[in-house]
Amino acid sequence: MRNAAESIVLTLAAFVALLGVAFAQDDLFRIHAWVLFFVLAASAIFMFRRVIVAPAAAVDQSQYLDGPIRYGAIATLFWGIAGFLIGVLIASQLAWPDLNFEPWFNFGRLRPLHTSAVIFAFGGNALIATSFYVVQRTSRARLFGGNLAWFVFWGYQLFIVLAATGYLLGITQSREYAEPEWYVDLWLTIVWVAYLVVFLGTIFKRKEPHIYVANWFYLSFIVTIAMLHVVNNLTMPVSLLGAKSYSAFAGVQDALTQWWYGHNAVGFFLTAGFLGMMYYFVPKQANRPIYSYRLSIVHFWALIFLYIWAGPHHLHYTALPDWAQTLGMVFSVMLWMPSWGGMINGLMTLSGAWDKIRTDPIIRMMVIAVAFYGMSTFEGPMMSIKAVNSLSHYTDWTIGHVHSGALGWVGMISFGAVYYLVPKLWGRDRLYSLRMVNWHFWLATLGIVVYAAVMWVSGIMQGLMWREYDADGFLVYSFAESVAAMYPYYVMRMLGGLLYLIGALVMAFNIAMTILGHQRAERPLGAPALQPAQ
């Protein structure tokens, strides 16, 4: 019988969730247990309907396991659009506070929902899907563990649902990029260990003797995020049937642990993992070898050694010892070198193929992603310098910096990878429309530029207003006056995010039509509109 064991496990898990409802120690845990019960019960019913009473067919180990990758590509788009939509909403709430609806849809609860949806739901699904694709093709081996890859995919979706509903309910640790409470963290740990087993097992059974550099970046991302997640989320729950827990750290040690985790979540989740994506998909789309394989190895080892020390630059001018602040600043500045080495390696891969930028909007999207990677990894170290940080910290400049990296680098390279993957995963000759990819490129690029530019202006203005003193040594502007001055910039930021969201919706339509097997009749990009006279 196929799917019988999975159906029974899901049924038992739903029963355990129902017991959690009955014996919960607080209302928040009870509501979350109800959410878990309904998700698991619906999944069990779905799986029971797919039970097949027949001998299980032998698995052809020569065939790649692409099912979780197909679902991952769709989930990437779904969660991306959800995250971008929430981002537009909370940007609107800052411009027009009346859009805050208590208690579940105010800025305080929607903001972590936005960050987690974009980083962990959109970015995480993109990383899981592409890493499964890349490790199989570069190892010439089927994913290790049979259906364990399916467990990773669906287990990660369950984590997203629990985290997202928790934010709306107010279940949070109040830790940046690590808001889910202890029981959600435990579930993610189980899923992540399974992810590591699938990835490492595939590498161990590879038929290709060489381990391609993209796999080194993916592996460093998986291993380091596991370590960061476990240490930062060391907590003691008040009750095993309650939602609340307390951190194992306190005071400045807690702050340092949080930003050791927070900055390296950026460094290894949003940088190393997506560099693995760059090192595979840019050469494949350009149909060129990577510019310098030796440089990619230097890039890898320098990046993973330096990045882990940079977290304290988030705590300048705090109770953290000055030597630790300086250590974080120095290592952040040193990160310029490997980061720009990687950017140069990515861009120079197009040597001899620069004409593709004119005719291929997917490679154009990947190139702009690498360019934003270079810009963000210049701006970040600059902002870590204490003199600059005294102006930039706590202002919208930081928001502009984060989004130029998240939307420009992470978003664009993910879009490019999904555009590359979908026709191959579904056996299509090409995408439904390359011209729609071009529209997506320009909408997204314009949205990022508008967003980042207005945040740079408003952030620097904020910093200058907050430090302006009169002749008697009093502050010239009240905090309320600085907030009022931000209004036009907040409106422009919302419009920039809206353009980015519209671009993602265009992509979703294009991908859906591609999956359905349609092709739009259109003139190739770069072709003249009119034929010359004979």
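Small disclaimer: the values here were computed from a predicted structure and weren't measured.
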With a 3.5 Å cut-off and no angle check, do the side chains of Q93 and N106 form a donor-acceptor pair? no

For N233 and R175, test the side chains for any donor-to-acceptor distance below 3.5 angstrom and give the result as yes or no. no

Do side-chain atoms of Q519 reach the backbone of Y432 as a donor and acceptor pair under 3.5 angstrom? no

Separation between CE (M494) and CD1 (I90), nearest 0.5 Å, reads 13.0 Å

What's the separation between atom CD1 in I45 and atom OG in S7, rounded to the nearest 0.5 Å? 11.0 Å

Decide side-chain contact (heavy atoms from CB on, under 4.5 Å) for S245 and E181; before the verdict, give the C-alpha distance in whole Å, the side-chain angles of both, and the deciding distance to 0.1 Å. CA-CA 7 Å; S245 66; E181 269 290 0; 2.6 Å; yes

Check L275 against W409 and note the closest heavy-atom contact, atom names and distance. N-CZ2, 3.7 Å

Side chain proximity check, T11 to F48, heavy atoms < 4.5 angstrom: yes

Are the aromatic ring centres of F415 and F122 under 6.0 angstrom apart? yes

Lys NZ or Arg CZ of R142 over F144 ring: under 6.0 Å, within 45°: no

So Q285 and M366, do their side chains get closer than 4.5 Å, heavy atoms only? yes

What heavy-atom pair brings D185 and P180 nearest, and what distance separates the two atoms? OD2-O, 3.1 Å

Any chance you could measure L505, atom CG, to I81, atom CD1, to the nearest 0.5 Å? 5.0 Å

Inter- and intrachain pairs under salt bridge (Lys or Arg N to Asp or Glu O under 4.0 Å), touching residues 99-125, at least two apart: R111-E176

With ring pair (Phe, Tyr, Trp, His ring centres under 6.0 Å) as the test, pick out the partner of F221 among F268, F274, F269. F269

CH2/W426: more than 12 non-hydrogen atoms of other groups inside 6.0 Å: yes

Result of checking Y156, Y195, W150, Y64 against F132 for ring pair (Phe, Tyr, Trp, His ring centres under 6.0 Å): Y195

Tested for ring pair (Phe, Tyr, Trp, His ring centres under 6.0 Å) against W187, the lone hit among F151, W182, W154 is F151

Count the heavy atoms of every other residue, nucleotide or ligand shown that sit under 6.0 Å from CZ of F249, and state whether that count exceeds 12. yes

Quick one, R520 with N510, criterion side chain to side chain donor-acceptor pair (under 3.5 Å). Give me CA distance, side-chain angles, the key distance, then yes/no. CA-CA 10 Å; R520 183 169 179 259; N510 198 1; over 6 Å; no

For L148 and V197: C-alpha separation, side-chain torsions, deciding distance, then whether side-chain contact (heavy atoms from CB on, under 4.5 Å) applies. CA-CA 9 Å; L148 193 58; V197 169; 3.9 Å; yes

With no hydrogens and no angle check, is any side-chain donor or acceptor of H114 less than 3.5 Å from a backbone partner on L110? no

Is the number of heavy atoms from other residues, nucleotides or ligands under 6.0 Å of R430 CZ greater than 12? yes

Taking I203's backbone N and O only, do any of them form a donor-acceptor pair with R206's side chain (distance below 3.5 Å, no angle check)? yes

Is there side-chain contact between T235 and Y246, with heavy atoms separated by less than 4.5 Å? no

Once you round to the nearest 0.5 Å, how far does CD1 of I363 lie from OG1 of T349? 8.5 Å

Between Q136 and T202, is a side chain to side chain donor-acceptor pair (under 3.5 Å) present by the stated rule, with each step listed? CA-CA 7 Å; Q136 289 185 98; T202 308; over 6 Å; no

For the residue pair Y419 and T514, establish whether any side-chain heavy-atom pair is separated by less than 4.5 Å. no

Would the F15 and F37 ring centres measure less than 6.0 Å apart? no

Counting N and O atoms only, with roles assigned by atom type, does the side chain of R140 sit under 3.5 Å from a partner on the main chain of K207, one being a donor and the other an acceptor? yes

Does K284, at its NZ atom, have more than 12 non-hydrogen atoms belonging to other residues, nucleotides or ligands within less than 6.0 Å? no

Closest non-hydrogen atom pair, P524 against R435: O-NH2, 3.4 Å

Does the gap between the ring centers of H210 and Y293 come in under 6.0 Å? yes

Just by distance, do the side chain of E179 and the backbone of T172 share a donor-acceptor pair under 3.5 Å? no

Run the ring-centre check on F217 versus H299 and record whether the distance is less than 6.0 Å. yes

Any donor-acceptor pair under 3.5 Å from N125 side chain to G72 backbone: no

Could you measure the distance from the CG atom of N438 to the CE atom of M365? Nearest 0.5 Å is fine. 8.5 Å

So, Y218 and T130: side-chain donor and acceptor under 3.5 Å apart, yes or no? yes

Would a 4.5 Å heavy-atom cut-off, applied to side chains only, mark N345 and Y279 as touching? yes

Mark yes or no for whether D66, through its side chain, and I69, through its backbone, hold a donor-acceptor pair below 3.5 Å. no

Heavy-atom closest pair (D26 atom, G242 atom, distance to 0.1 Å) is OD2-CA, 3.2 Å

Determine whether a donor-acceptor pair (N or O, by modelled atom type, separation under 3.5 Å) exists between the side chain of R30 and the backbone of A24. yes

Flag side-chain contact, heavy atom, 4.5 Å: N232 against Q258: yes

Evaluate the criterion side-chain contact (heavy atoms from CB on, under 4.5 Å) for residue pair T271 and V410; output intermediate values, then yes/no. CA-CA 8 Å; T271 303; V410 170; over 6 Å; no

Main chain of I515, side chain of R428: is a donor-acceptor contact present, judged purely on distance under 3.5 Å? yes

Will you find, in the side chains of T138 and N215, an N or O donor that is under 3.5 Å from an N or O acceptor? yes

Pair V134-F281, side-chain contact (heavy atoms from CB on, under 4.5 Å): steps then yes or no: CA-CA 9 Å; V134 171; F281 290 102; 4.0 Å; yes

Does some side-chain heavy atom of F107 sit less than 4.5 Å from a side-chain heavy atom of L94? yes

For this output row, return yes or no: ring centroids of H229 and Y261 closer than 6.0 angstrom. no

Distance col, row W79:CH2 vs I74:CD1, nearest 0.5 angstrom, shows 14.0 Å

Looking just at side-chain N and O atoms, do Y177 and T115 make a donor-acceptor pair shorter than 3.5 Å? no

A243 and L28: which non-hydrogen atoms are nearest, and at how many Å? CB-CB, 4.4 Å

Residue pair H32 / T165, side-chain heavy-atom distance below 4.5 Å: yes

Looking at every heavy atom in both V161 and V39, which two are closest together, and how far apart are they? CG1-CG2, 4.2 Å

Does the R70 side chain pair with the main chain of L425, one donor and one acceptor, at a distance under 3.5 Å? yes

Does W192 have more than 12 heavy atoms from other residues, nucleotides or ligands lying within 6.0 Å of its CH2? yes

